[in-house]
Amino acid sequence: MEDTGMEDTGMKNKRRKDNKMREDRMRIEIREVSHDSGDFLMLCQELDSFLNVAIGGEEKREKYKKFNHTDTMDFVAAAFDQGEPVGCGALRRYSEEEAEIKRVFVREKYRGKNIGGLILESLIDRAKELGFQRLILETGAFLEASVCLYQRYGFEKIENYGAYKDMDESLCMGRELGADAVIYCIGKRMEADELRELYESVGWKSGKYADRLLQSFEKAGMVMSAWCDDRLAGLVEVLDDGGVTAYVHYLLVNPLYQGKGIGARLMEAVKEQYRDYLYIVLSCEQKGTIPFYEKLGFSVIEGSTPMQINRL
């Protein structure tokens with residue numbers, strides 16, 4: 001396709017949105033504060049008030065209060081916008097190898113700017129510095145925004161642990177921190193250069209249009225990425241119609257990371273996400289990969305011929 005150098009309206013709007021988010025992020029300062037600082041205590045009070053409303057009353061949260069005493073936190077990060085406290089998060093040692101994430105909160109008027117992501121990044125980095133191998137946390141399945149935030153940073157559902165084991169309303173999540181860990185993220189924002197490198201690693205020409213790919217991902221039904229040591233190692237993108245058919249549009253793994261089960265893990269996530277759909281469809285362009293998909297439960301559609309209009 002000829003590159004005219006012109007952007008369509010959607011691309012321009014996306015660029016403006018990305019620039020605005022970068023400006024907002026540049027204003028935000030994340031710094032360590034003490035567990036008894038006035039800013040952290042104030043933010044925790046607002047968090048408790050928010051949870052009281054979300055869960056339907058303070059009395060329903062009574063059994064959780066003993067797990068959230070601020071003086072048990074080993075590390076506290078707070079976000080500031082030009083000196084005003086706008087969000088917080090904390091770490092607490094759970095075992096020799098595990099740290100627990102606690103008290104993640106962003107004040108209402110500052111949500112939607114990925115401040116929660118900045119806080120979470122600081123907690124992940126600090127946990128690594130302290131030598132922990134794993135992070136765990138407890139949240140509620142009804143807190144959809146929180147669950148999506150944790151999924152963007154590689155947290156996955158785990159069996160309820162410790163005091164939460166018999167609490168059906170609790171959702172526990174965890175992620176590995178080790179250097180050799182493969183982290184799987186749902187909806188994680190990627191840079192164009194990261195995406196371009198991944199596509200070019202498998203010889204796909206569409207990598208030249210990384211900005212368009214990123215724009216298309218925002219409208220996809222599912223985008224899940226795999227990361228090795230902060231490098232984009234693999235990706236699956238799925239398009240769906242909302243209930244009947246899900247189409248696996250892209251599945252690719254950088255050859256440097258093939259053989260680690262990344263492709264299979266991404267596809268298992270797709271099958272779980274679309275377990276109630278009537279069809280999960282894909283186009284297998286390389287005959288040698290057919291056995292891979294057959295092991296995952298896919299079968300060849302006899303008599304079908306893939307067709308396209310190719311403008312690359």
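Computed from a prediction, not measured in an experiment: that's the story for all the values here.
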Plane angle bin for Tyr247 and His249 - parallel if under 30°, tilted between 30 and 60°, otherwise perpendicular: tilted
One thing to verify: whether Arg126 and Glu129 come together as a salt bridge, which I'm taking to mean a side-chain N less than 4.0 angstrom from a carboxylate O. yes
Between Asn114 and Arg189, is there a side-chain donor-acceptor contact under 3.5 Å, judged purely by atom types and distance? no
Decide if atom CD of Glu294 counts as having more than 12 heavy atoms of other residues, nucleotides or ligands within a radius under 6.0 Å. yes
Considering only NZ, NE, NH1 and NH2 on the basic side and carboxylate oxygens on the acidic side, decide whether Glu159 and Lys165 come within less than 4.0 Å. yes
Test your reading of the model: is there a side-chain donor-acceptor pair from Arg107 to the backbone of Pro85, 3.5 Å cut-off? yes
Is there a donor in the side chain of Tyr110 and an acceptor in the side chain of Glu84, or the other way round, less than 3.5 Å apart? yes
Considering residues, nucleotides and ligands other than Lys260, do more than 12 of their heavy atoms fall under 6.0 Å from its NZ? no
Check whether any side-chain heavy atom of Trp227 sits under 4.5 Å from a side-chain heavy atom of Leu232, and report yes or no. yes
Report yes if the distance between the aromatic ring centroids of Tyr250 and Tyr199 is under 6.0 Å, otherwise no. yes
Glu100 and its salt bridge (charged side-chain N to carboxylate O under 4.0 Å, His left out) partner, picked from Arg93, Arg92, Arg134: Arg92
Can a donor-acceptor pair be found between the side chains of Ser34 and Asp36 at a distance below 3.5 Å? yes
Same hydrophobic cluster for Phe80 and Leu43, using side-chain heavy-atom links shorter than 4.5 Å among ILVMFWY? no
Closest approach of Ser122 and Phe75, non-hydrogen atoms and distance? O-CE2, 4.4 Å
So, is the end of the Arg175 side chain (NZ or CZ) under 6.0 Å from the ring centre of Tyr153 and within 45° of the ring's axis? no
